[in-house]
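This report concerns only the one structure given below.
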Amino acid sequence: MDDYPLFRDAIRAAMDAEPDMRVVAAVADADAAVAEVTRHRPDVVLLDAQIPGEDTAATLGRLRDASPDTRVVVISPHDDPRLTRQLLLLGVCGYLLLSSGLEELLSAVRTARTGSGRITLSISRTSLRRMHAAPEVRLSERERGVLVLAAQAMRNAQIGERLHISEETVKRHLRNVFVKLDAESRMDAVNKAIEAGLIQGGGVVVRAG
């Protein structure tokens, strides 16, 4: 937590006070983190999602290369379903928000240290739903545009006129969206797209057809 050294020091002091924990290093940037992990090969790294130097995924990859057996718990200010899912796929053992309590953090570190494969998540219910809603879906800009207009109760011909494409092209884009989202109707597609964070949900009005 380079921007909050007092916070970082407080976490270190709290962990050092635990009889089953020993902090071997507390650093302020990605390069220093990789260097210390290479040197100490710790059981667990508590990684700041905003660590200066590079993005979290890149730092995680370097840590893995430096010490493959070291397990990583990420602490982040962002309740971000995409980032959470990305880091889980990269093998982190936990993702906690800065709002998590100390006992929750210590528990996550202990769980990671066991190597049991269990994952600790401390995120909102909304973020959890979005993380599981069509997680691999990637809509093209045109597909997203068609779906946004469909969500505004426009019919295919109206959408075609607005986007300057044929009605058949609109139908083709909607079919692609339905397949990608595993949706059975426009309303279903819109709801799933909103849950996945692919389109905004404010002011949406959907009708059948």
Side-chain angles (χ1 to χ4, degrees), residues 1-137 195-197:
M1 304 294 172
D2 187 48
D3 292 335
Y4 305 98
L6 289 176
F7 182 74
R8 184 177 66 238
D9 291 344
I11 289 180
R12 176 171 189 162
M15 296 179 73
D16 273 335
E18 296 297 308
D20 59 338
M21 294 184 185
R22 182 172 67 91
V23 179
V24 296
V27 301
D29 60 63
D31 288 341
V34 173
E36 292 296 338
V37 167
T38 301
R39 177 184 177 189
H40 294 287
R41 303 295 179 96
D43 294 323
V44 181
V45 167
L46 186 61
L47 178 64
D48 178 6
Q50 291 186 316
I51 190 168
E54 58 194 355
D55 66 54
T56 316
T59 302
L60 181 60
R62 294 173 65 197
L63 294 176
R64 291 283 187 226
D65 290 341
S67 181
D69 293 330
T70 295
R71 290 170 283 278
V72 178
V73 174
V74 173
I75 185 166
S76 172
H78 303 301
D79 191 16
D80 184 339
R82 290 188 180 89
L83 177 60
T84 305
R85 190 175 195 285
Q86 178 190 26
L87 296 180
L88 289 176
L89 290 174
L90 290 173
V92 302
C93 295
Y95 187 97
L96 282 74
L97 298 178
L98 282 176
S99 56
S100 302
L102 177 60
E103 288 303 317
E104 194 170 8
L105 185 150
L106 295 175
S107 176
V109 172
R110 289 188 174 102
T111 298
R113 187 180 57 195
T114 66
S116 64
R118 296 177 62 188
I119 295 171
T120 303
L121 283 180
S122 175
I123 58 178
S124 69
R125 291 183 181 276
T126 298
S127 185
L128 185 62
R129 286 197 302 270
R130 288 180 174 177
M131 190 173 70
H132 289 291
E136 298 295 342
V137 169
E195 285 295 317

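Small disclaimer: the values here were computed from a predicted structure and weren't measured.
Interatomic distance, OG1 of T111 versus CG of L106, reported as 10.5 Å (0.5 Å rounding). Between atom CD1 of residue I75 and atom CZ of residue F7 there is a gap of 4.5 Å, rounded to the nearest 0.5 Å. With rounding to the nearest 0.5 Å, the separation of CG in D48 from OG1 in T59 is 9.5 Å. Put simply, CD on E36 and CG on L63 are 11.5 Å apart, with the number rounded to the nearest 0.5 Å. S99 OG to I123 CD1: the interatomic distance, rounded to the nearest 0.5 Å, is 11.0 Å.
The backbone N or O of V44 sits nowhere less than 3.5 Å from a side-chain atom of R71 that would complete a donor-acceptor pair. In this structure, the side chain of T38 does not engage the main chain of A66 through any donor-acceptor pair within 3.5 Å. Panel note: side chain D29, backbone P52; no donor-acceptor pair is recorded below 3.5 Å. Side chain of S116 to backbone of A112: no donor-acceptor contact under 3.5 angstrom is found.
Looking only at side-chain heavy atoms (C-beta outward), V74 and L83 stay at 4.5 Å or farther from each other. Looking only at side-chain heavy atoms (C-beta outward), L105 and L96 come within less than 4.5 Å of each other. Residues S127 and D80 fail the side-chain proximity criterion, which asks for heavy atoms closer than 4.5 Å. For the pair R85/Y95, no side-chain contact is recorded, criterion being any heavy-atom separation below 4.5 Å from C-beta on. With contacts defined as side-chain heavy-atom distances shorter than 4.5 Å, the pair L90/Q86 qualifies.
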Taking it one step at a time, do H78 and T84 satisfy side-chain contact (heavy atoms from CB on, under 4.5 Å)? CA-CA 9 Å; H78 303 301; T84 305; over 6 Å; no
Passes side-chain contact (heavy atoms from CB on, under 4.5 Å), I51 versus T56? Steps please. CA-CA 7 Å; I51 190 168; T56 316; 5.8 Å; no
Applying side-chain contact (heavy atoms from CB on, under 4.5 Å) to L47 and V92, what does each step give before you reach the verdict? CA-CA 10 Å; L47 178 64; V92 302; over 6 Å; no
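V27 and R8 get closest at one heavy-atom pair: O-CD, 3.5 Å. Summarising the geometry of P77 relative to L98, their closest heavy-atom pair is CB-CD1, 3.6 Å, with the distance given to 0.1 Å. What you find for V73 and A108 is that their closest heavy atoms are CG2-O, 4.0 Å. Nearest heavy atom pair, residue A30 against residue G53, reads CB-CA, 4.4 Å. Considering every non-hydrogen atom in both R41 and S67, the closest pair reads CD-OG, 3.3 Å.
Annotation: salt bridge (Lys or Arg N to Asp or Glu O under 4.0 Å) contacts involving residues 87-102, sequence neighbours excluded, are absent.
Within 6.0 Å of the CZ atom in R110, the count of heavy atoms belonging to other residues, nucleotides or ligands exceeds 12. Within a 6.0 Å radius of CZ in R12, other residues, nucleotides and ligands contribute more than 12 heavy atoms.
Between R113 and D20 there is a salt bridge, since a side-chain N of the basic residue sits under 4.0 Å from a carboxylate O of the acidic one.
Remark: R64 engages no residue in a salt bridge (Lys or Arg N to Asp or Glu O under 4.0 Å) (not counting sequence neighbours).
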